[in-house]
There are 2 protein chains.
Amino acid sequence: MNEAGVRGDAQETASNRAEAAEQLALAKLFETFGASRDVKKNAFIFRSEEESQEIYFVQDGLVKISQFAQEGQSITLFLRHKGEVFGAAEVLTGQKRQRYARCITDSRILSIPAASFIGLLRQHPDALYALTVANARRLLQTQRYVETLVSRPVAWRLAQLLLQLGVRSGKETVVTLPLSHEEISYVIGCSRQTVTETLGRWRDDGIVRYEKKQVVIFDTDAFEARL
Amino acid sequence: MNEAGVRGDAQETASNRAEAAEQLALAKLFETFGASRDVKKNAFIFRSEEESQEIYFVQDGLVKISQFAQEGQSITLFLRHKGEVFGAAEVLTGQKRQRYARCITDSRILSIPAASFIGLLRQHPDALYALTVANARRLLQTQRYVETLVSRPVAWRLAQLLLQLGVRSGKETVVTLPLSHEEISYVIGCSRQTVTETLGRWRDDGIVRYEKKQVVIFDTDAFEARL
DNA sequence: GATATTTTGTCGGGTAGCCGACTGTTTTCT
DNA sequence: AGAAAACAGTCGGCTACCCGACAAAATATC
């Protein structure tokens, strides 16, 4: 399983599976209603303030949902991997886009018109129920993320992100980062320099080795224990 | 309208009304299924780690939903006023309680057993839809709150809270705080001292006057403009 | 109405993380 | 392949905010 579970919303590995299952059921339905298209890296799927006319489903690739904050600063609320839905919240509430969605990598995106989406939910109470559960899960995740922002230091949040993104093999965990330090800083809520510096310190301390986009945690258990 | 909209989740005044309407529709249904009871100030309605066997509706009073963070520290995710539902997320996802709910003031709470709640949603697609929309709204609110935590200083967050809690009359805004400084610090994510000090500075600067639990913002427009 | 408990006010010291700046390295683009 | 852009590394100064600690005021308790 590749799309382990990167999300601004902290932990989750057990319930990822549950969410994936729920969304898979939805996906089947969506495919009959939507149109697929390829979207290039860095392209926007929707922008803040636009009308919310579609919802989306990641068929392949990686998408971030972010907000502009003060002065060009950005905050990434979560990442959406292959098999996940995004953009539904504003459609349901009938608001304009509050956030923007942008591709991290080249992606294949299925889009479903808002009317079809709502009609579909109205006609398939099971789909509606699945969506409600998925949203409840996301709400709890986001709330847990609030907790980490307030009470955990940057190093902890970064560690958590690496562990989620990484694939464990034996003692080691290998993380192939699709994100630059700057992107990471948006996800964990800090400055770019702090990401670079924290990673650098770990390397100097012999906890981690890395070059290019590949980070390897030497002793995963020890790493987790240190948190 | 008194229960304007205090929530850990930042702003919202326009869409509060919409949410209130949605929840009112739900409330009617709930009343036929649930049992009412009086709960004293500071009493817990549910605690972290408990099984999620009921959902709740605030008939009167004020309830906070919080999480324990590191070392006895607490974080209040949001406040629930008269007419609002809480505790549904964990019931929907079938998880244990992630957070705890505690009364800020003496309150009257309607509780609906999980099974009834889910059965009700299954039988009334309209109710399910209303809940989904309400949850989507809350998700967006919480995400906006994340943004403020990362990018706005404590003073801004405190100001925001006061404005939400307050009742405006002319230039002034009168805020009758049901919360101690410590409780406020949990809501806006900072230390108790910082709340006291910020409020004190505003008073010294002649922006605000207060005694006991009553805070008065002299010139609301100027106050908002300063943010 | 006296006592205990909670809340508020205030102070100083400590620090995590921000911010600007600049350099070198990678990646992208044509 | 070479130029331009994006990214990573590093440094020093700065400050918002935390954390104890303690006294005074307010509130709750009996």
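Just so we're on the same page: letters track the sequence lines, and every chain starts at 1.
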Starting at atom [atom1] of [X], determine the distance to atom [atom2] of [N], rounded to an integer number of angstrom.
| X | N | atom1 | atom2 | value |
| --- | --- | --- | --- | --- |
| B:Tyr210 | C:dT8 | OH | P | 9 Å |
| B:Lys40 | D:dA28 | NZ | P | 13 Å |
| B:Ile104 | C:dT6 | CD1 | P | 16 Å |
| A:Glu211 | C:dG24 | CD | P | 22 Å |
| A:Glu183 | D:dA8 | CD | P | 10 Å |
| A:Glu182 | C:dT27 | CD | P | 17 Å |
| B:Arg201 | C:dT8 | CZ | P | 17 Å |
| A:Ile184 | D:dC7 | CD1 | P | 12 Å |

Distance-only polar pair, side chains of A:Gln141 and A:Tyr145, donor-acceptor under 3.5 Å: no
Below the 4.0 Å mark, does [N] have OP1 or OP2 next to a side-chain nitrogen or oxygen of [X]?
| X | N | answer |
| --- | --- | --- |
| A:Arg192 | C:dG17 | no |
| A:Thr194 | C:dC18 | yes |
| A:Lys213 | C:dT26 | no |

Pair B:Trp202 + B:Tyr210: ring centers closer than 6.0 Å: no
B:Asp106: salt bridge (charged side-chain N to carboxylate O under 4.0 Å, His left out) partners, not counting sequence neighbours: none
B:Thr76 to B:Ser66 - nearest heavy-atom pair and separation: OG1-OG, 3.2 Å
Check: D:dG9 base within 3.5 Å donor-acceptor of A:Gln193 side chain: no
